[in-house]
Amino acid sequence: RKEVEQDPGPFNVPEGATVAFNCTYSNSASQSFFWYRQDCRKEPKLLMSVYSSGNEDGRFTAQLNRASQYISLLIRDSKLSDSATYLCVVLRISGNTPLVFGKGTRLSVIA
Amino acid sequence: DVKVTQSSRYLVKRTGEKVFLECVQDMDHENMFWYRQDPGLGLRLIYFSYDVKMKEKGDIPEGYSVSREKKERFSLILESASTNQTSMYLCASSLSLNYGYTFGSGTRLTVV
């Protein structure tokens, strides 16, 4: 099982739709989780951290399910500007690699 | 806002050349990282540093070395560039290892 696994997509959704991405991780000892956003030909930028209790930032909701070892990102009322690749990121607490990045899920919001 | 600056946006080098990629951050961060990003492979960690003169290998260090003589600067060195090192190189810095990183805008390196 890969350390961090995401569906690459693309997810093509109309404006205003709700879309959800899941990400699974293999190391049950992982402690910290993040979602990053990467626009085409740009650097990744931190979107939000993921807390055990779940957290919300405007139209974005992140949740963690430790028992099943997955995190999710829900985007409500999608905007054209949400079109990007969303990277699931996990802190590996053993070994010598600080953050492990998933390969990303591509989202296209269509007018 | 933290700013991470990579010296070149685009570079074209010849096979066998020694290549230096420079990265500077302006927020006194302890940790700095070099990743490469390739289609279908995502971001892969090459090296990181948690203090001046300290370095740790990441997942794919072969063919690369790094230098951190000053806290704000972290250099990636390709000792003898090869075509399989053609990639997007991203530098990042962070206050701690377990908190989100800030990335530079990347250097797209082409080795011909």
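The chains referred to below are lettered A, B, ... by the order of the sequence lines, with proteins before strands, and numbering in each begins at 1.
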**OP:** Assert yes or no for the condition that the ring centre distance of A/Y25 to A/F33 is strictly below 6.0 Å.
**Re:** yes
**OP:** Answer yes when B/K71 and B/E30 have at least one side-chain N-carboxylate O distance shorter than 4.0 Å, and no when they do not.
**Re:** yes
Original post:
Is it the backbone or the side chain of B/Y101 that comes under 4.5 Å from a heavy atom of chain A, or both, or neither?
Top reply: both
**OP:** Quick one: sort the A/Y36 and B/F103 rings into parallel, tilted or perpendicular, breaks at 30° and 60°.
**Re:** perpendicular
**OP:** Check whether A/Q31 gets within reach of chain B through its side chain, its backbone, both or neither, counting any heavy atom under 4.5 Å.
**Re:** neither
Original post:
With the threshold set at 4.0 Å, does a side-chain nitrogen-carboxylate oxygen contact exist between B/D38 and B/R44?
Top reply: yes
Original post:
Can a donor-acceptor pair be found between the side chains of A/T105 and A/Q6 at a distance below 3.5 Å?
Top reply: yes
Original post:
Does the distance from a Lys or Arg side-chain N to an Asp or Glu carboxylate O, for A/R37 and A/D39, drop under 4.0 Å?
Top reply: yes
**OP:** Fit a plane to each ring of A/W35 and A/F21, take the angle between them on a 0 to 90° scale, and name the class: parallel (under 30°), tilted (30 to 60°) or perpendicular (over 60°).
**Re:** tilted
Subject >> chain B contact residues among residues 42-67 of chain A, heavy-atom distance under 4.5 Å >> reply: A/E43, A/P44, A/L46, A/S49
